[in-house]
Amino acid sequence: MKTSQTSPLVALCGAALSLPAISATQPVQTEMSIKTSSYEERDLSERDVVVGATERYDIDINQFRLLAPVSRAWSLGVDISREIMSGASPWGTVAGVDGEASLIMSGATIREKRTEVSLSATYYGQDASYSVGLIRSEENDYDATAIRLGGEWDKNNGLSTLSLGFSYSSDDIKPTDAETYGRVAKEDKDAVSASVSWTQVLNKASTLQVGAGVTKHSGFLNDPYKLRDVRPDEKLAWNVNLRYRRFFDNQNAALHLDYRYYSDDFGIDSHTFYAAWYKNLGARFQVAPNVRFYSQGASDFYVAVDDYSLPAIENQSTDYRLSSYGAYTFGLKVIFNEINWSVSAGIDHYISSGKYGLSSGKDHPALLSFNMASIGFDLRF
Amino acid sequence: MNTVTNQFRAMGCPCELRLFIPDKLNQEKVVSCCVAEALRFEEKYSRYRPSSLVSRINAAAGVKAIDIDPETSAILDYTRVCFEQSDGLFDITAGSLRSVWHQNMKTLPSQEVIERGLTKIGFDKLIFSTDSIFLPFTGMELDFGGVVKEYAADAIATLAKSMGIQHGLVNLGGDVCVIGAQQDGTAWPIGVIDPFGHGEAIARIELSEGALTTSGSYERFFQVEGKTYSHLINPLTGWPVEGLVSASVIAEQTIVAGSISSIALLADTAGGLAWLQSCQAPYLAIDQNKVCHGTLK
Amino acid sequence: MKIEFVVGLAILLLTSCESVQPWERGTLARPEMQLSRDQLGDALYDQVYYSKEASSGGAGAAGAGCGCN
């Protein structure tokens, strides 16, 4: 009797897979989801602003998704997203009376819309699936087109999954009021990226995913709305991430732990930690408190105050997104599940500060906080 | 949603479908499609129907090759893996030994008769490709009895799922394939018959997915010269097997569970238990001394 | 350095895998055990953080567009 090497069970299961009645999984139901969200960034205080508005952004987002199996081996997906944004943004910084940086903000609010549409197709084979997606995003000053290819392979009888992804994106930037403010009229940039991940079932109640990705950006990478913002025309970025899921029977709850490390050659390093506790209350309700901690180190060419004496070919930026800071998000989600539909609602509170980061830095006056609320509905048929 | 229980006979055994059929589906259509699928396997692989594919293949033994379809070719490939994994015990050509060992025999066959019978069997003697099969000696025959009933359960379950059924089970003569847990989420309680009893269950297994098969040598046996012999013949020695009386196995597919439980009964008691251990699938085995072994309660 | 600790932990967890039989996968199939419990939500947060922070990428991220303000 064969009692060693590969388990006979594995050999038999492998052989069974070639039988017509037994094949790889594909979604059997059509799924439709909608979500509407709204967030408000907190206004700046008067003493941080030298000129311009003190309000930040208000953004409303509506999302729609439809995923449907169209035959035994194919499924198609459509995603549509619309954002309406209005508010003022930082144009630059100057040294205030106390020597600290103060903001020059844009003027009265502007109402902008962004629409994104994505189409995808997935093919399901034996223990593998392949997908292709096209994405198009448009707003009044920015257009982007991207293509994404992906493959997933099941191994070890579905206990492990290898996933590879590749994407290419091409963006066009046409800043508004270019002539009035002496901004560039039209620029472009593109990005190529590749990613890989391995998902492993550890035991009956937990899984772990380990992944890595790399992206190369090239083209016009400056922020065209800043008074003085000069960045290299290439950026190489990479990241590694972990996602752990574990179910606790005695608590009837699942723990989510995510970690991401990011690094690029602008000099930015960041860590992102996320934890969520999905607790089941009865058969239908699920409550999920969650917390996110983010910490980034400053870019090599970040400066707190715009220095116009520096030559315009030397990299510099006072964009708060390139400064050293940390941020916390505290969130709560509630989900109500029925067999064929579910409703979810969530709120989040985000705060950031130069002092929260792992390598503490000076507070950039434009570091923001916001509150977000969203409601979603999911239908399966 | 309607719960439907339909009982019918196919492949020589009592069969049962238990399905939770959503209102939007045509109940009669779902049931008749499933029953038709079971009958399709009987039409194709039954030795007792002269028009079946298997009968035509057996009738052409020693004469010519017969064309086969991809489903049959896949089943043959699967039985080859069973043959290899069981070191030759699971052999779909072993059916011809029925001429050596049968009911109403008065005396034990002589070793010479057994030897002659063995020349007509041997999976490795088959000549087959993806589109045809040839049995080289007259008297050779294929018997898919150990695998088609289980595969049919998987096929019916897949068919039901493709029609939109998410909760239900298929039971073909004691081999059960679960389509999905009961509508309220609870598992299906499946009983394993006590081989030494009179039809009561010796164990109840709760299954919400996967398949449970039971192979037993207690229902059919011969009495020759005062001794009871199992109807299962060891294809390597030509003699009836003296081993486990019953083995029940759980696996994701019925065909896999069925192969594991069948092979367990073709070995002697120690070999059968070792085989079940090595497969690492949950099992319940009962030996001739009525002792229960295994990882199922 | 932090990253080495994290990679080491990942390797330790991955090598401690047990074999899980198909009929034991009920828990893993629960919606709250999926890598993404709410795909629209994940896409939303990816976009929100992408426009406010310097980092991008991570599991399942990437999309076109800026929406930067």
Side-chain angles (χ1 to χ4, degrees), chain A residues 33 35 37 57 61 63 65 83 85 87 89 114 116 135-137 139 142 144-146 148 159 167 169 193 197 199-205 207-211 213 215 237 239-243 245 247 254 259-262 268 270-272 278 286 294 296 299 321-322 344 346 368 374 376, chain C:
Chain A
S33 312
K35 193 189 276 279
S37 318
Y57 266 77
I61 306 152
Q63 293 167 288
R65 160 176 288 213
E83 278 172 45
M85 313 170 261
S89 12
R114 185 177 86 94
E116 184 178 295
I135 307 125
R136 174 83 186 153
S137 165
E139 54 193 300
Y142 199 100
T145 311
R148 209 183 298 163
L159 293 177
S167 78
S169 158
S193 99
S197 77
T199 311
Q200 178 71 41
V201 167
L202 299 177
N203 55 48
K204 280 193 280 256
T207 29
L208 176 71
Q209 182 185 67
V210 181
T215 309
N239 68 81
V240 293
N241 52 79
L242 297 177
R243 293 206 281 186
R245 306 280 176 267
F247 191 76
Y259 169 75
R260 176 190 63 183
Y261 172 75
Y262 168 94
I268 307 239
S270 77
H271 301 273
T272 313
Y278 281 84
Q286 211 171 63
Y294 177 79
Q296 79 173 35
S299 151
R321 291 170 291 198
L322 300 180
S344 64
L368 43 77
S374 67
Chain C
M1 233 195 83
K2 220 157 289 197
I3 187 76
E4 280 146 11
F5 167 75
V6 166
V7 171
L9 179 67
I11 292 173
L12 185 70
L13 282 171
L14 284 173
T15 52
S16 66
C17 312
E18 290 166 23
S19 181
V20 176
Q21 302 305 342
W23 55 88
E24 290 176 323
R25 295 192 204 178
T27 300
L28 298 169
R30 291 170 159 267
E32 64 271 23
M33 278 297 285
Q34 303 315 305
L35 289 169
S36 174
R37 171 69 179 86
D38 174 6
Q39 289 184 327
L40 283 187
D42 288 351
L44 171 71
Y45 288 114
D46 280 349
Q47 179 66 24
V48 167
Y49 292 125
Y50 175 76
S51 61
K52 296 176 199 325
E53 293 168 349
S55 315
S56 60
C66 188
C68 306
N69 21 296

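Letters A, B, ... are given to chains in the order of the sequence lines, protein chains preceding strands, and every chain is numbered from 1. Basis for what follows: all heavy atoms, side chains included, without hydrogens, waters or symmetry-related copies.
Between C:L35 and A:R243, the closest heavy-atom pair is O-NH1, 3.5 Å. Closest approach of C:S56 and A:N239 over heavy atoms only: O-ND2, 3.9 Å. Of all heavy-atom pairs between C:M33 and A:A254, the closest is SD-CB, 3.9 Å.
Separation of atoms NZ (C:K52) and OH (A:Y57) is listed at 9.5 Å; rounding is to 0.5 Å. The structure places OG of C:S51 at 7.5 Å from CD of A:E83, a figure rounded to the nearest 0.5 Å.
Residues that satisfy the ring pair (Phe, Tyr, Trp, His ring centres under 6.0 Å) test with C:Y49, not counting sequence neighbours, are A:Y350.
Checked by atom type and distance alone, the side chain of A:Q296 pairs as donor or acceptor with a backbone atom of C:A54 at under 3.5 Å.
In this structure the side chain of C:S55 reaches within 4.5 angstrom of the side chain of A:R260, judged on heavy atoms. Between C:Q47 and A:Q63, every side-chain heavy-atom pair lies at or beyond the 4.5 Å cut-off. Counting heavy atoms from C-beta on, the side chains of C:E53 and A:T272 never come closer than 4.5 Å.
Contacts of A:S197 with chain C are absent, with no heavy-atom separation under 4.5 Å from either backbone or side chain.
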